[in-house]
Amino acid sequence: MNIGNVRLDGKVILAPMAGVCNSAFRRICKEMGASLVCAEMVSDKAMVYHSKKTENMLYFEESERPISQQIFGSDVETFTEAAQMVYEMMHPDIIDINMGCPVPKVAVRSQAGASLLKNPDLIYEIVSSVVKSVPVPVTVKIRSGWDKKSINAVEVAKVCEKAGASAITIHGRTRSELYSGKCDLDIIKKVKEAVTIPVIGNGDVVSIESAKHMLDYTGCDAIMIGRGVLGNPWLIKEIDTYLKTGEVIDKPTYEERIDMCYKHIDYLMKIKPEKVVVLEMRSHVAWYIKGMPYHKEVKNLIFKASSKKDIVEILDNYLKKLYNEKEG
(Lines give C-alpha, C1' and ligand atoms only; values in the text may rest on other atoms or scores of the structure.)
Protein backbone atom coordinates (compact mmCIF):
# COMPACT_ATOMS: atom_id res chain seq x y z
CA MET A 1 0.00 0.00 0.00
CA ASN A 2 0.97 3.63 -0.43
CA ILE A 3 0.44 6.49 2.01
CA GLY A 4 0.78 9.47 -0.27
CA ASN A 5 4.15 8.91 -1.96
CA VAL A 6 5.40 6.57 0.77
CA ARG A 7 5.42 2.91 -0.19
CA LEU A 8 4.90 0.32 2.57
CA ASP A 9 6.07 -3.24 1.94
CA GLY A 10 3.66 -4.89 4.36
CA LYS A 11 0.47 -4.50 6.36
CA VAL A 12 1.82 -4.38 9.92
CA ILE A 13 2.45 -0.97 11.49
CA LEU A 14 3.84 -0.14 14.93
CA ALA A 15 1.58 2.19 16.95
CA PRO A 16 3.05 5.38 18.49
CA MET A 17 2.94 4.31 22.13
CA ALA A 18 3.90 7.07 24.58
CA GLY A 19 6.91 6.22 26.73
CA VAL A 20 7.68 3.12 24.67
CA CYS A 21 8.27 3.91 21.00
CA ASN A 22 11.68 5.50 21.18
CA SER A 23 14.36 4.73 18.61
CA ALA A 24 15.54 1.57 20.40
CA PHE A 25 12.12 -0.09 20.43
CA ARG A 26 11.32 1.08 16.91
CA ARG A 27 14.56 -0.46 15.61
CA ILE A 28 13.62 -3.79 17.15
CA CYS A 29 10.14 -3.67 15.60
CA LYS A 30 11.56 -2.64 12.23
CA GLU A 31 13.92 -5.63 12.36
CA MET A 32 10.87 -7.79 13.02
CA GLY A 33 9.26 -6.60 9.80
CA ALA A 34 7.13 -3.57 10.67
CA SER A 35 6.36 -1.81 7.38
CA LEU A 36 6.04 1.54 9.19
CA VAL A 37 7.10 2.57 12.68
CA CYS A 38 5.41 5.47 14.43
CA ALA A 39 7.31 7.57 16.94
CA GLU A 40 5.69 8.49 20.24
CA MET A 41 3.68 11.70 20.12
CA VAL A 42 5.19 15.11 20.80
CA SER A 43 3.34 18.20 21.98
CA ASP A 44 2.87 21.08 19.55
CA LYS A 45 3.34 23.57 22.39
CA ALA A 46 6.53 21.87 23.58
CA MET A 47 7.92 22.03 20.06
CA VAL A 48 7.05 25.70 19.62
CA TYR A 49 8.63 26.55 22.97
CA HIS A 50 11.78 24.59 22.02
CA SER A 51 11.61 22.00 24.79
CA LYS A 52 14.95 20.19 24.66
CA LYS A 53 13.36 17.02 26.04
CA THR A 54 10.75 17.07 23.26
CA GLU A 55 13.30 17.82 20.55
CA ASN A 56 15.37 14.86 21.76
CA MET A 57 12.33 12.64 21.19
CA LEU A 58 12.67 13.30 17.45
CA TYR A 59 15.89 11.26 17.29
CA PHE A 60 15.82 8.31 14.93
CA GLU A 61 18.17 6.28 12.74
CA GLU A 62 17.92 5.98 8.98
CA SER A 63 17.33 2.23 9.30
CA GLU A 64 13.94 3.02 10.85
CA ARG A 65 12.51 4.49 7.64
CA PRO A 66 9.76 4.78 6.68
CA ILE A 67 8.95 6.51 9.96
CA SER A 68 5.95 8.59 11.04
CA GLN A 69 6.18 11.30 13.69
CA GLN A 70 2.99 11.97 15.64
CA ILE A 71 2.05 15.39 17.01
CA PHE A 72 -0.75 16.31 19.42
CA GLY A 73 -2.29 19.68 20.14
CA SER A 74 -5.49 21.67 19.82
CA ASP A 75 -4.55 25.00 18.23
CA VAL A 76 -4.30 25.42 14.45
CA GLU A 77 -1.45 27.91 14.53
CA THR A 78 0.83 26.07 16.97
CA PHE A 79 -0.01 22.69 15.39
CA THR A 80 1.07 24.02 12.00
CA GLU A 81 4.23 25.62 13.36
CA ALA A 82 5.11 22.44 15.25
CA ALA A 83 4.60 20.32 12.11
CA GLN A 84 6.97 22.57 10.17
CA MET A 85 9.56 22.36 12.96
CA VAL A 86 9.28 18.56 13.12
CA TYR A 87 9.78 18.35 9.37
CA GLU A 88 12.76 20.71 9.36
CA MET A 89 14.48 19.01 12.31
CA MET A 90 13.66 15.37 11.60
CA HIS A 91 12.49 14.95 7.98
CA PRO A 92 10.13 12.07 8.81
CA ASP A 93 8.46 10.24 5.93
CA ILE A 94 5.00 10.96 7.36
CA ILE A 95 3.54 13.34 9.93
CA ASP A 96 0.62 11.98 11.95
CA ILE A 97 -1.97 14.05 13.79
CA ASN A 98 -3.16 12.55 17.07
CA MET A 99 -6.93 12.74 17.53
CA GLY A 100 -7.22 9.52 19.52
CA CYS A 101 -5.23 9.81 22.74
CA PRO A 102 -7.71 9.16 25.59
CA VAL A 103 -5.61 10.02 28.66
CA PRO A 104 -7.00 12.91 30.77
CA LYS A 105 -3.76 14.91 30.61
CA VAL A 106 -4.12 15.16 26.83
CA ALA A 107 -7.81 14.71 26.06
CA VAL A 108 -9.26 16.71 28.96
CA ARG A 109 -6.77 19.20 30.35
CA SER A 110 -5.18 20.06 26.99
CA GLN A 111 -8.36 19.63 24.91
CA ALA A 112 -6.20 17.69 22.44
CA GLY A 113 -6.08 14.05 21.35
CA ALA A 114 -9.53 12.45 21.35
CA SER A 115 -11.10 15.72 22.53
CA LEU A 116 -10.80 17.02 18.96
CA LEU A 117 -13.37 14.43 17.86
CA LYS A 118 -16.01 16.71 19.36
CA ASN A 119 -15.16 19.50 16.90
CA PRO A 120 -15.09 18.41 13.21
CA ASP A 121 -14.73 22.01 12.04
CA LEU A 122 -11.53 22.42 14.04
CA ILE A 123 -10.34 19.04 12.74
CA TYR A 124 -10.70 20.31 9.18
CA GLU A 125 -8.78 23.49 9.97
CA ILE A 126 -5.92 21.64 11.67
CA VAL A 127 -5.54 18.91 9.05
CA SER A 128 -5.87 21.32 6.14
CA SER A 129 -3.32 23.72 7.59
CA VAL A 130 -0.78 21.00 8.43
CA VAL A 131 -1.16 19.39 4.99
CA LYS A 132 -0.41 22.72 3.31
CA SER A 133 2.58 23.41 5.56
CA VAL A 134 4.70 20.27 5.08
CA PRO A 135 5.92 18.42 1.95
CA VAL A 136 5.25 14.92 3.32
CA PRO A 137 2.02 12.93 3.63
CA VAL A 138 -0.15 13.78 6.65
CA THR A 139 -2.17 11.07 8.37
CA VAL A 140 -4.68 11.21 11.23
CA LYS A 141 -5.24 8.76 14.09
CA ILE A 142 -8.75 8.78 15.56
CA ARG A 143 -11.09 6.80 17.78
CA SER A 144 -14.68 5.78 17.07
CA GLY A 145 -15.95 8.83 18.98
CA TRP A 146 -15.82 10.62 22.32
CA ASP A 147 -18.35 8.25 23.91
CA LYS A 148 -21.08 5.79 22.92
CA LYS A 149 -23.51 8.66 22.35
CA SER A 150 -21.22 10.41 19.89
CA ILE A 151 -19.82 7.79 17.50
CA ASN A 152 -18.70 10.02 14.64
CA ALA A 153 -15.63 8.32 13.17
CA VAL A 154 -17.16 8.17 9.69
CA GLU A 155 -17.89 11.91 9.70
CA VAL A 156 -14.42 12.70 11.06
CA ALA A 157 -12.72 10.43 8.51
CA LYS A 158 -14.54 12.17 5.66
CA VAL A 159 -13.52 15.56 7.05
CA CYS A 160 -9.90 14.45 7.27
CA GLU A 161 -9.94 13.14 3.70
CA LYS A 162 -11.48 16.37 2.45
CA ALA A 163 -8.81 18.34 4.30
CA GLY A 164 -6.07 16.42 2.46
CA ALA A 165 -5.09 13.60 4.81
CA SER A 166 -3.31 10.71 3.06
CA ALA A 167 -4.55 7.97 5.43
CA ILE A 168 -6.68 7.38 8.50
CA THR A 169 -5.93 5.12 11.45
CA ILE A 170 -8.96 4.25 13.55
CA HIS A 171 -8.92 2.61 16.97
CA GLY A 172 -12.28 0.89 17.38
CA ARG A 173 -13.04 2.25 20.85
CA THR A 174 -14.44 5.52 22.12
CA ARG A 175 -12.40 7.86 24.26
CA SER A 176 -14.52 7.04 27.32
CA GLU A 177 -13.76 3.32 26.94
CA LEU A 178 -9.99 3.94 27.11
CA TYR A 179 -8.70 0.38 26.57
CA SER A 180 -11.59 -1.52 28.16
CA GLY A 181 -14.19 -3.66 26.44
CA LYS A 182 -13.75 -4.88 22.88
CA CYS A 183 -12.57 -3.11 19.75
CA ASP A 184 -15.56 -2.36 17.47
CA LEU A 185 -14.62 -3.73 14.06
CA ASP A 186 -17.89 -2.50 12.55
CA ILE A 187 -16.89 1.14 12.91
CA ILE A 188 -13.53 0.41 11.25
CA LYS A 189 -15.42 -1.25 8.40
CA LYS A 190 -17.75 1.74 8.04
CA VAL A 191 -14.82 4.15 7.90
CA LYS A 192 -13.12 2.02 5.23
CA GLU A 193 -16.31 2.07 3.17
CA ALA A 194 -16.71 5.85 3.57
CA VAL A 195 -13.34 7.10 2.30
CA THR A 196 -11.01 6.42 -0.62
CA ILE A 197 -7.71 6.98 1.23
CA PRO A 198 -6.05 4.04 3.04
CA VAL A 199 -7.57 3.02 6.38
CA ILE A 200 -5.47 1.39 9.09
CA GLY A 201 -7.29 -0.64 11.75
CA ASN A 202 -6.15 -0.49 15.37
CA GLY A 203 -7.25 -2.29 18.52
CA ASP A 204 -7.02 -5.80 20.05
CA VAL A 205 -4.59 -7.22 17.49
CA VAL A 206 -2.72 -9.77 19.60
CA SER A 207 -2.31 -12.75 17.26
CA ILE A 208 -2.27 -13.89 13.65
CA GLU A 209 -5.94 -14.78 14.01
CA SER A 210 -7.04 -11.37 15.31
CA ALA A 211 -4.96 -9.61 12.65
CA LYS A 212 -6.42 -11.67 9.81
CA HIS A 213 -9.94 -11.25 11.18
CA MET A 214 -9.60 -7.47 11.32
CA LEU A 215 -8.27 -7.31 7.76
CA ASP A 216 -10.88 -9.71 6.36
CA TYR A 217 -13.87 -8.33 8.25
CA THR A 218 -13.23 -4.61 7.87
CA GLY A 219 -11.42 -4.53 4.55
CA CYS A 220 -8.88 -2.14 6.07
CA ASP A 221 -5.60 -1.70 4.22
CA ALA A 222 -3.28 -2.40 7.14
CA ILE A 223 -3.26 -3.03 10.87
CA MET A 224 -1.57 -1.07 13.63
CA ILE A 225 -0.33 -2.92 16.70
CA GLY A 226 0.37 -1.30 20.06
CA ARG A 227 0.05 -3.10 23.40
CA GLY A 228 0.24 -6.51 21.68
CA VAL A 229 3.97 -6.07 21.00
CA LEU A 230 4.99 -5.10 24.53
CA GLY A 231 7.42 -7.85 25.39
CA ASN A 232 6.49 -9.59 22.14
CA PRO A 233 7.86 -7.79 19.06
CA TRP A 234 7.95 -11.24 17.44
CA LEU A 235 4.20 -10.79 16.92
CA ILE A 236 5.00 -8.41 14.07
CA LYS A 237 7.13 -11.04 12.37
CA GLU A 238 4.52 -13.74 12.95
CA ILE A 239 1.74 -11.68 11.36
CA ASP A 240 3.86 -10.27 8.55
CA THR A 241 5.18 -13.72 7.62
CA TYR A 242 1.72 -15.27 7.68
CA LEU A 243 0.15 -12.52 5.57
CA LYS A 244 2.91 -12.79 2.96
CA THR A 245 3.46 -16.55 2.85
CA GLY A 246 0.75 -18.32 4.85
CA GLU A 247 3.47 -19.77 7.08
CA VAL A 248 3.07 -19.92 10.86
CA ILE A 249 6.52 -19.47 12.39
CA ASP A 250 7.62 -20.77 15.78
CA LYS A 251 7.19 -18.73 18.95
CA PRO A 252 10.42 -17.32 20.41
CA THR A 253 12.31 -19.58 22.79
CA TYR A 254 13.14 -18.56 26.35
CA GLU A 255 16.72 -17.92 25.22
CA GLU A 256 15.55 -15.68 22.37
CA ARG A 257 13.38 -13.69 24.75
CA ILE A 258 16.30 -13.10 27.12
CA ASP A 259 18.62 -12.30 24.19
CA MET A 260 16.13 -9.63 23.16
CA CYS A 261 16.47 -8.06 26.61
CA TYR A 262 20.23 -7.76 26.02
CA LYS A 263 19.68 -6.23 22.59
CA HIS A 264 17.11 -3.77 23.92
CA ILE A 265 19.50 -2.65 26.67
CA ASP A 266 22.31 -2.12 24.15
CA TYR A 267 20.10 -0.10 21.80
CA LEU A 268 18.85 2.08 24.68
CA MET A 269 22.37 2.69 26.00
CA LYS A 270 23.24 4.39 22.70
CA ILE A 271 20.53 7.02 23.08
CA LYS A 272 19.83 7.49 26.81
CA PRO A 273 21.67 7.88 30.13
CA GLU A 274 22.20 4.63 32.04
CA LYS A 275 19.88 5.70 34.87
CA VAL A 276 17.01 6.18 32.39
CA VAL A 277 17.86 2.93 30.60
CA VAL A 278 17.61 0.99 33.88
CA LEU A 279 14.21 2.48 34.67
CA GLU A 280 12.84 1.72 31.19
CA MET A 281 14.29 -1.80 31.10
CA ARG A 282 12.60 -2.73 34.35
CA SER A 283 9.27 -2.65 32.52
CA HIS A 284 10.56 -4.14 29.28
CA VAL A 285 12.28 -7.10 30.95
CA ALA A 286 9.08 -7.81 32.91
CA TRP A 287 7.17 -7.84 29.62
CA TYR A 288 9.74 -9.98 27.78
CA ILE A 289 9.85 -12.73 30.43
CA LYS A 290 6.16 -12.73 31.36
CA GLY A 291 4.89 -16.29 31.57
CA MET A 292 8.36 -17.84 31.73
CA PRO A 293 9.45 -19.96 34.71
CA TYR A 294 10.40 -17.90 37.78
CA HIS A 295 9.42 -14.68 35.98
CA LYS A 296 8.05 -13.11 39.16
CA GLU A 297 11.27 -13.72 41.07
CA VAL A 298 13.35 -12.29 38.24
CA LYS A 299 11.03 -9.31 37.88
CA ASN A 300 11.48 -8.51 41.59
CA LEU A 301 15.26 -8.61 41.18
CA ILE A 302 15.16 -6.46 38.04
CA PHE A 303 13.09 -3.80 39.80
CA LYS A 304 15.86 -3.50 42.39
CA ALA A 305 18.62 -3.18 39.78
CA SER A 306 20.42 0.16 39.63
CA SER A 307 22.79 -0.32 36.69
CA LYS A 308 23.09 -2.01 33.32
CA LYS A 309 25.60 -4.40 34.93
CA ASP A 310 23.00 -5.42 37.54
CA ILE A 311 20.39 -6.20 34.89
CA VAL A 312 22.83 -8.17 32.73
CA GLU A 313 24.00 -10.24 35.71
CA ILE A 314 20.42 -11.04 36.73
CA LEU A 315 19.60 -12.11 33.17
CA ASP A 316 22.82 -14.13 32.88
CA ASN A 317 22.00 -16.02 36.07
CA TYR A 318 18.41 -16.52 34.93
CA LEU A 319 19.58 -17.95 31.61
CA LYS A 320 21.98 -20.32 33.36
CA LYS A 321 19.22 -21.53 35.67
CA LEU A 322 16.89 -22.21 32.74
CA TYR A 323 19.68 -23.97 30.83
CA ASN A 324 20.67 -26.17 33.79
CA GLU A 325 17.06 -27.20 34.38
CA LYS A 326 16.67 -28.03 30.71
CA GLU A 327 19.87 -30.11 30.70
CA GLY A 328 18.92 -31.76 34.01
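Source: prediction; values computed, not measured.
- The closest side-chain heavy-atom distance from H91 to V136 is not below 4.5 Å.
- Counting only distance, with no hydrogens or angles, the side chain of S210 and the backbone of S207 share a donor-acceptor pair below 3.5 Å.
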Taking it one step at a time, do C220 and L215 satisfy side-chain contact (heavy atoms from CB on, under 4.5 Å)?
-> CA-CA 5 Å; C220 64; L215 287 164; 3.9 Å; yes

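- A salt bridge links E64 and R26; the closest N-O separation between the charged side-chain nitrogens and carboxylate oxygens is under 4.0 Å.
- Closest approach of P66 and S35 over heavy atoms only: CG-O, 3.3 Å.
- To the nearest 0.5 angstrom, Q70 atom CD is 9.5 Å from I97 atom CD1.
- No path of Ile, Leu, Val, Met, Phe, Trp and Tyr side chains, each step under 4.5 Å between heavy atoms, connects L178 with I187, placing them in separate hydrophobic clusters.
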side-chain contact (heavy atoms from CB on, under 4.5 Å) assessment of E81 paired with D44 | CA-CA 8 Å; E81 187 177 348; D44 63 342; over 6 Å; no

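- The residues R173 and D204 are annotated as salt-bridged, a charged nitrogen and a carboxylate oxygen being separated by less than 4.0 angstrom.
- A side-chain donor from one of T174 and E177 sits under 3.5 Å from a side-chain acceptor of the other.
- Note that CZ of F72 and OG of S43 are 4.0 Å apart. Values are rounded to the nearest 0.5 Å.
- Put simply, the side chain of Y242 does not reach to within 4.5 Å of the side chain of I249, judged on heavy atoms.
- The salt bridge (charged side-chain N to carboxylate O under 4.0 Å, His left out) search around R7 returns none, not counting sequence neighbours.
- When side chains are defined from C-beta on, Y179 counts as touching R227, because their heavy atoms get closer than 4.5 Å.
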Chi angles and distances behind the salt bridge (Lys or Arg N to Asp or Glu O under 4.0 Å) call for K190, D186 | CA-CA 6 Å; K190 289 175 183 176; D186 288 312; over 6 Å; no

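- Note: E40 CD to M57 CE = 3.5 Å, rounded to the nearest 0.5 Å.
- Between the side chains of S133 and T80, no donor-acceptor pair is found at a separation under 3.5 Å.
- D96 has no carboxylate O lying under 4.0 Å from a charged side-chain N of K141, or vice versa, which leaves the two without a salt bridge.
- In this structure, CG on D259 lies 11.5 Å from OH on Y288, to the nearest 0.5 angstrom.
- Taking both residues in full, the closest heavy atoms of I271 and A24 are given as CD1-N, 3.8 Å, listed atom of the first, atom of the second, then distance.
- Remark: E256 CD is packed, more than 12 non-hydrogen atoms of other residues, nucleotides or ligands lying under 6.0 Å away.
- Heavy atoms only, all atoms of each residue included: V140 and M99 are closest at CG1-SD, 3.8 Å.
- In plain terms, the two heavy atoms of L315 and Y262 that are nearest each other are C-OH, 3.5 Å.
- You'll find the side chain of T139 stays beyond 4.5 Å of the side chain of T169, heavy atoms only.
- At a threshold of 4.0 Å, the pair K304-D310 does not count as salt-bridged, since none of the basic side-chain nitrogens sits closer than that to a carboxylate oxygen.
- Contacts of R27 classified as salt bridge (charged side-chain N to carboxylate O under 4.0 Å, His left out), with partners at least two apart in sequence or in another chain: E61.
- V86 and Y49 are assigned to two separate hydrophobic clusters, defined by single-linkage of ILVMFWY side chains at heavy-atom distances under 4.5 Å.
- Geometrically, K189 engages Y217 in a cation-pi contact defined by less than 6.0 Å to the ring centre and at most 45° from the axis.
- Salt bridge E31/K263: present, at least one basic N to carboxylate O contact under 4.0 Å.
- Contact check for P135 versus Y87: side-chain heavy atoms found under the 4.5 Å cut-off.
- I13 forms part of a hydrophobic cluster together with M1, I3, V6, L8, L36, I94, I200, M224, judged by ILVMFWY side-chain heavy-atom separations under 4.5 Å.
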Side chains of residues 155-168: which donor-acceptor pairs under 3.5 Å do they make with residues two or more places apart or in other chains?
residue, atom, partner, partner atom, Å
E161, OE2, T196, N, 2.9
E161, OE2, T196, OG1, 2.4
E161, OE2, I197, N, 3.3

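- Between the side chains of N22 and E280, at least one donor N or O sits under 3.5 Å from an acceptor N or O.
- Residues V276 and V285 do not share a hydrophobic cluster, clusters being chains of Ile/Leu/Val/Met/Phe/Trp/Tyr side chains in contact below 4.5 Å.
- Closest non-hydrogen pair, T218 versus L185, comes out as CG2-O, 3.4 Å.
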Test side-chain contact (heavy atoms from CB on, under 4.5 Å) on K132 and S128 and set out the steps.
-> CA-CA 6 Å; K132 293 171 184 174; S128 177; 3.4 Å; yes

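- F60 and M89 end up in the same hydrophobic cluster when Ile, Leu, Val, Met, Phe, Trp and Tyr side chains are linked at under 4.5 Å.
- Residues S150 and K118 are not in side-chain contact: their nearest non-hydrogen atoms beyond the backbone lie 4.5 Å or more apart.
- Looking at heavy atoms from C-beta onward, M41 lies out of side-chain contact with M17 at the 4.5 angstrom threshold.
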Pairs of donor and acceptor atoms involving the side chains of residues 291-303, under 3.5 Å and at least two apart or interchain, shall be tabulated with distances.
residue, atom, partner, partner atom, Å
Y294, OH, E325, OE1, 3.2
Y294, OH, E325, OE2, 2.3
N300, ND2, K296, O, 3.3

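- Interatomic distance, I95 CD1 to S68 OG, rounded to the nearest 0.5 Å: 8.0 Å.
- Taken from CD1 in I142 to CD1 in I170, the straight-line distance is 4.5 Å, to the nearest 0.5 Å.
- Relative ring orientation between H284 and H264 is described as tilted, the plane-to-plane angle lying within the 30° to 60° band.
- When side chains are defined from C-beta on, K45 does not count as touching V48, because their heavy atoms never get closer than 4.5 Å.
- With salt bridges taken as basic N to acidic carboxylate O contacts below 4.0 Å, none links K212 and E209.
- Scanning all heavy atoms of the two residues, the minimum distance from I236 to G33 falls at CG2-C, 3.8 Å.
- The salt bridge (charged side-chain N to carboxylate O under 4.0 Å, His left out) test applied to K275 returns no partner, not counting sequence neighbours.
- Cluster membership check: V206 does not share its hydrophobic cluster with V248, using side-chain heavy-atom separations under 4.5 Å among Ile, Leu, Val, Met, Phe, Trp and Tyr.
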